[in-house]
Amino acid sequence: MQSSVSLNLIELGHFAAYMAFFVAITQALAPLAARYLKAPGLRTISVNAAPLVFLLTTVGAVTIVYSFLTNNFSVLYVANNSNTHLPLFYKVAALWGGHRGSLYLWVWIMTAYTAAVGYHGRSRYPDRLAIIMAVQGALIAGFYGLVLFLSDPFTRLFPIPAQGQNMNPLLQDPGMVIHPPMLYMGYVGFSIPFAFAMAALLTNWRSELWIGHTRRWALIAWGFLTAGIIFGAWWSYYVLGWGGYWGWDPVENASFMPWLMGTALIHSISVQERRRMLHTWNIFLIITTFSLSLLGTFLVRSGVLASVHTFSAAPGQGVYLLTFMVVVLTLAFGLFLIKGGYQRAEESFISPLSRESMFIWNNVIFTIACACVLLGTLYPLFLQAASGARISVGPPYFDLVMVPIFLVMLVVMGIGPLVSWRKANLPKLRGRLLVPSLVGIALGAALWFAAGPVYWTAPVAVGLVGFVATTIVGNVGRAVWQRRRQHHEPLGRAFAKTVLGNRRHYGGMIVHTGILVMAIGLVGSGLFKESKLVMMAPGDVLHLAHERVRFDGVRDVRGADFTAVQGRLTVLNNGAQLRPEQRVFFGSPMEVTRPSVNSTLLRDVYVDIGNHQHGKWEIHLFINPLVDFIWLGGGIVLSGVGFSLSDRLWRRKKSLAGSEAVSTHP
Amino acid sequence: MRYVFFWLCLGLLAAPAFGATIVHESVLHRREIAIAKKLRCTVCQAESLAVSQAGIAQDMRKLIREKLRAGQSSHQIIAYFVKRYGDYILLKPPFDPLGAILWIWPFALFAVFGGVALVVMRRRARAPMPPPSPELGAEDRERIKALTRQE
């Protein structure tokens, strides 16, 4: 009886999704209709359609989740990605645990963003809102076409199997539950600046009126994308069992490229706000960033690259996505070429050495970084398609090319915030750079002597981290000192007032600090990692990098939907227990290793267990220094983004309080 | 003096032999990983031999270890794999007609983008833009004067 109810519900969801598709088309076309029928009133359809599309898409998503929860295996997607043993937590997350559902999640997030912009814009930019909604509607309709006609998550299955298969075992991890929504909120979030830019180009919208809103939406998207990438790395580290977190896998690169351009964008926009220039360049960056989001989705979802992310995709989808991408980009860049110069810069550079020029260098370096990743990722594909020759571009290439670029980024990151706007005062700048440079050189030299002969990047990177950190401390310190002198305030109060009073700037400084903390983690774990692969009998002790690990034997364990051989090891230095597993999941032939990690701030002891032979087990031990710094740094980056975004809310509250004060005391 | 020199030369000549006998297993392991990191697992997507858990990757690593024990250099071992599998196995593409663009690209980007940025900023800095508003006419001056007098 219950199953027949859920049968009805999934059809309701399917119907809702089709309705959403048609409403989205209407949303896209309404302003055009308004224009050609000379009925301006029609434009409001776009604005009003947005929440409806979101609501209908949500109905679809809820029915899919409900089908998972009720084990409705008459739905193909549920039967392929779930079974009765799957834990409840993963049944909900199974919505994006497979290819079809994850595309649906993409669309769902996009409708949510669109509805949010619709709500946000009603009072702030009502005159252009219809066009923004129309652009979003067109993108939603385009993706809905893919979802409904080529990878329909609502497809039914007859005869109904008694039991489903299983969610990809590798994806059954909390990291994997959070990673896709975060990443998609990043990817999709960049569609909002894109829609703003399109609306601006189409209607000659003065840049001052929209660039501020765009900055906030871009920053939100950037924050989510950052979180998505970090959670992806986290998952890779704690689940895949290869002892690393970033492998320059094409799929990782696909998410890293929009991140790089997005980073350039959020820096470049602030130049436009502050100095009223770079209008055209910013629109170009916005379009490029969103293009790379689409490219990322195409690379991952089309099956061009096979990896754990691609599940199994039907061939038509790649063609559809590619066509969609080409159409969107042709229209966007075409419009940009025709009307890109609609608003000229109102001011110009005064000196090649100024804050704005430092932002330009930031943009140059991030663009180069992105272009390098792009070529390294796509060139093997092109080469194989064009000539059949197969080459590999892997971690050794990317490390060699990207690490120097990252180091240059650190240099600019340190100097940039010290240079004043318009024209730098050279003696003053030199004075400000003196102490940080000395600190950096001292730290780099100290590492060189302490760690012995290491790869050159280690002391240089650590020196640069010290350099940038000192500039940040100096930057905050000078401002606090100045305020203290002017207002005669105690130190704590002056600090709070300074930092809270300019949240955008100091939010940025917090983000920079987080990046530095991550950099320490990357250097430590990237260059000082040690590993050993040995056969161990129970009772054996393995020595590696001052750590001693004893193998105590194995045990068979059962999970909700798997059985596993569990290795039992003890870290003798601190008594920590390690429990790596070799899991065999229900309905899946492959064995999955699940590493076990003992983390302290300074080092991770990371263990995998493998095959056994003659009473000995294969133990893969890694000592990864400073990995926690990466997660810690990621947290600091995100808190900095949040702090920076709290700026507007805080200002509004303050101005409200101010106006009340005025009205109560006439 | 001549004998000292003779023995010194002999000692230096023999050094590799001594070295081979005292190479520690952990040093071998480190060299094995260094080589494995440069080679791709042929059945996996974008995974190096050092990372891959596939059976063939394990076998190839065993082969690397055996060759290292037999005293082959890293170069020899990598050359062996390239001969068998082609350049495809190298995760770092070589600088040859096919791979050259990958190595020229970053430098070209730096030259082009850096150059353009520098030239544009210099030129714009030297030739400031015209003031955004037209100059004040005589009429405007009169009005401002009148207004300031009122204050």
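Lettering of chains follows the sequences in order, A, B, ..., and the numbering in each one begins at 1.
Cation-pi geometry between A:Arg390 and B:Tyr88 is satisfied (NZ or CZ under 6.0 Å from the ring centre, within 45° of the ring normal).
Of the atoms belonging to A:Glu356, not a single heavy atom falls under 4.5 Å from chain B. For A:Ser357, the parts lying under 4.5 angstrom from a heavy atom of chain B are both the backbone and the side chain. Heavy atoms of A:Ile350 lying under 4.5 Å from chain B belong exclusively to its backbone. Looking at A:Leu375, both its backbone and its side chain come within 4.5 Å of chain B, counting heavy atoms on both sides. For B:Ile33, the part sitting under 4.5 Å from any heavy atom of chain A is the side chain, from C-beta outward, and nothing else. For A:Ser531, the parts lying under 4.5 angstrom from a heavy atom of chain B are both the backbone and the side chain. For A:Ala389, the part lying under 4.5 angstrom from a heavy atom of chain B is the side chain only. The contact between A:Trp361 and chain B is made entirely by side chain atoms (from C-beta outward), counting heavy-atom distances below 4.5 Å.
Panel note: side chain A:Tyr379, backbone B:Ile101; no donor-acceptor pair is recorded below 3.5 Å.
Applying a 4.5 Å heavy-atom cutoff, the residues of residues 399-409 of chain A that approach chain B are A:Leu400, A:Val401, A:Ile405. Proximity to chain A at a heavy-atom threshold of 4.5 Å picks out B:Gln58, B:Arg61 from residues 56-64 of chain B, in numerical order.
Of the inter-residue distances, the one linking B:Met121 atom CE with A:Ser351 atom OG reads 9.5 Å to the nearest 0.5 angstrom. Between A:Ile391 atom CD1 and B:Leu91 atom CG the span is 11.0 Å, to the nearest 0.5 Å.
Across A:Ile365, A:Asn611, A:Val364, the residue that shares the most heavy-atom pairs under 4.5 angstrom with chain B is A:Val364. Note on A:Ala371, A:Gly247, A:Pro352: by heavy-atom pairs under 4.5 Å with chain B, the leading option is A:Ala371. Among A:Asn363, A:Leu544, A:Val393, the residue making the largest number of heavy-atom pairs under 4.5 Å with chain B is A:Val393.
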